[in-house]
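Each chain gets a letter, A, B and so on, in the order its sequence line appears, and its residues count up from 1. We use all heavy atoms of the structure for the numbers below, so side chains are in, but hydrogens, waters and symmetry mates are not.
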Amino acid sequence: MSASLPIYDLDEEILAALNRCPRLLLQAPTGSGKSTQVPQILLDGGALGNGRCIVLQPRRLAARMLAKRVAEERACALGGEVGYQIRLDNVSSRETRILYVTEGILLRQMLADPSLQGVSTIVFDEFHERHLHGDISLSRALDLQASRRPDLRLVVMSATLETGSLMPHLAPAEVLRSEGRAFPVEIVHLPYEPRDEPVWESAADAAASHFEKTPGDILVFMPGAYEIQRTIRELQNRLGSRCRILPLHGELPAIEQDKAVGRSHGRKIIVSTNVAETSLTIDGVTLVVDSGLARIARHDPARGINTLFIEKISAASADQRAGRAGRTAPGMCIRLWTARDHSRRALSETPEIKRLDLAETVLSLKAAGIRDLESFRWIEPPEPVALARAESLLHDLGALAVDGVITPVGLRMLQFPVHPRYARMFLEAEACDCVREAALIAALTQTRSLLLRSDRKTEDERQEIFGGGTSDFSVLMRALEWARERDFRMADCRALGIHAESARQASRLQEQFLQIARDLGLPTGATSPPEDRLARCILAGFADQVALRKAAGTLLCDIVHGRRGLLTRQSAAQDASLLVAAEITEIEGRDGDPKVLLGLATGIEEAWLREMFPDDFQESAEYLFDKSQNRVVQRRSRRFRDLVLEIRDRDAAPGPLASACLAGQVRIGALRLNGWDDAVEQWIHRVNFLGRICPDLGLPPLGEEEREHIRLLVCEGATCYRDIKDASVLPHARSLLEPAQQHMVDRHAPERFELPSGRRAKIVYSESADPHLSARIQDFFGLDGELRIAQARHALTLHILAPSQRPVQVTRSLATFWTETYPSIKNQLQRQYPRHEWI
DNA sequence: GAGCACTGC
């Protein structure tokens, strides 16, 4: 079989090209045999000299399997001439000439030995995936080649010819192309824009109507587990028991995944996430139905949180998905979007370096002596604001000095192969004498989730056995200990919804971290520290993610730096009013709204904050309220500013701050006094907004007097729409609000309403009912369609209601928003609320 | 009233 590999036709050209030039770009699709053959061509052609060829792989499984196959082809023992190295698993020796490694391994090697002694060639496989570690290793390898190692040869292999942007970095370089050996796949786009129906319905329709026309299995791509479950339900309605319908996604237990991937009697339909796009291959698929959507992780440097939204996939990604229908026979791919939509999609996915948190990367570059990050040889330069964010976090963690140079603490942190936040936690653990526990916590965050999503009964049982602490980490730690005591036995673990393989992996990682800690001289003896010592360690790494519950009955929290989020429902930190979240992720809820979720939370106490960060506290308390002027003055944002205000206000009601606020001297919303400010403003805006966009509702705009009525009402304790409506004391305000309610879609979500045209709309916060302003923003973002603008506190959400489409949502960070559009909104508001002081 | 893609040191 390997004799027919297309790559063989290129062997002489590859060797000749590398003789002419030490850089080669090889474009070859999956299935061309490049991953197994190119290293052998180099070795057998004498291109390696006495050195070793390192082959970079994006996935552990691939690194191991490729090494195994090549060792077999060469009839040598794995770990001899051919080997592999992945985390915690090194099968190589001094004799190894071809070494398959995952991308992070090479980066660690470069830190330990910057000139890569003994390496003659590096092959970057699957480079088109553009992982962060792959990008950085190529940059550093090019740097090395240009400075100390002109003999080093670099081969970049990529499935797509997105070489346009890559070539300038590699030039001068040789370029070669090879064909794949896949079967043709016919691609069908929708002839017209899709109707207003959920994607799982269109997908089920497409799969069901082609079920008889295609001979093999069907693969449906969906963005996530929820959509998968809905699709499966729809398919069952349409096809009944005519075939098996199986889900496939990363959080599924291995046994379920095997069922979807493996061979089976009879036909099947697999409904999968992106795992089936690159990581898992399924043979026998002849029809792919592609929703064209995926959940994409990004890091928002302006807010310092991670986001996970459903986005349209790129053309390259769609091609990769389509290719899954042609592995064993000619196939077909139905795309649930139009050709017109397709032509406007991005050519390839945004590289990770433009999407992810760069703290760890920046720290390693600083350690390599790179002072000026802007002039580093980026394959694709990251956003300056992302670099700045990373540097400021590293500075806060004590890893970088004021001049941007790495500190001794930073160098110690770098020894731990984890995000700098967790590395910082390790160093704090030394002082708290709980290194063992810190190692466990860090390990638990490095594996895929230990606790599987389970039914209510299993979750209650887990709560019974592992609950009782004030930290989500303590639940995970107990679950891991429990699994370890049972030797990670599959049956035991499954009964409590514990992912046995994750538990085993976490346990081994803990050992790795403990070894590193011992090497650094940290005490790793077995202690059983009180929970609060551990909480302080977590706080050291996540001081900028402290949150305060708004009230005992709600999961809503204020997070430092003016952010907001929801504590996860099942959190162990639910009883704490002050907490630190190790994970802040903004996701797209089922109703399409963005929601910030606080995960991996730990309850903390204000006294610890005061002890650990006395400076922050001092400054916030002293300067925020200027007694001599009896007003609040602007201060540079400090770490705990917002939260300290709240804490103080709870202690001392009504206090001078409250009086100032009530007297209208302070901008409403700048101070949060039990939420009344926001509530008032939002109600006023809602009514005014409704009145403007739906003139036929007959809602007169609220004047000063009505506004005052509502404000007083809310001050008296009303917190929601119903309270206002039911209050009999203010009939005028009530009569204004009632018609508004008739147009509400859902009384639990009063901001949703129906336009007279039948379209649905939604207001979160609308400062821009002014049509002129609306047009400006529309212009600014370059959007078509009718536009409504909703501003949450930290993100600008645009709801676009194009004819016969579901609302489309575009969220932008406020950074862009502030500089471009805010001044105009502010002017408008200042005119509207002249009595308020703006800070 | 519950919410979350995929990798990797």
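At a threshold of 4.0 angstrom between heavy atoms, the contacts of A:Arg87 include nucleobase atoms, whether or not backbone atoms are also involved. Backbone-only engagement by A:Thr273 is indicated by non-hydrogen atom pairs under 4.0 Å involving sugar-phosphate atoms exclusively. Residue-level contact check: A:Glu360 touches the bases, meaning some heavy atom is under 4.0 Å from a base atom. Residue contacts for A:Ala297: at a heavy-atom cut-off of 4.0 Å it reaches a base atom on one of the strands shown. Residue A:Ile310 is classed as having no contact, given no heavy-atom separation below 4.0 Å to the nucleic acid. In this structure, A:Leu566 reaches the bases: a heavy-atom distance under 4.0 Å links it to at least one base atom across the strands shown.
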(request) Could you please spell out the steps behind the salt bridge (charged side-chain N to carboxylate O under 4.0 Å, His left out) verdict for A:Arg59 and A:Glu126? (result) CA-CA 10 Å; A:Arg59 279 165 287 277; A:Glu126 314 284 0; 5.4 Å; no

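Neither side chain, A:Gln320 nor A:Thr278, offers a donor N or O lying under 3.5 Å from an acceptor on the other. Side-chain N/O atoms of A:His249 and A:Glu251 include no donor and acceptor closer than 3.5 Å. Checked by atom type, the side-chain pair A:Asp300/A:Thr307 shows no donor-acceptor distance below 3.5 Å.
The stretch residues 102-111 of chain A touches DNA chain B through A:Thr102, A:Gly104, A:Ile105, A:Arg108, each having a heavy atom within less than 4.0 Å of the strand.
In this structure, the nucleotide among B:dC4, B:dC9, B:dC6 sitting nearest to the side chain of A:Gln446 is B:dC9. In this structure, of B:dG3, B:dA5, B:dC9, it is B:dC9 that holds the atom nearest to the side chain of A:His133.
A:Glu227 contributes a side-chain N or O that, together with a main-chain N or O of A:Gly224, makes up a donor-acceptor pair within less than 3.5 Å.
One finds no side-chain N or O of A:Arg448 lying less than 4.0 angstrom from the OP1 or OP2 phosphate oxygen of B:dC6.
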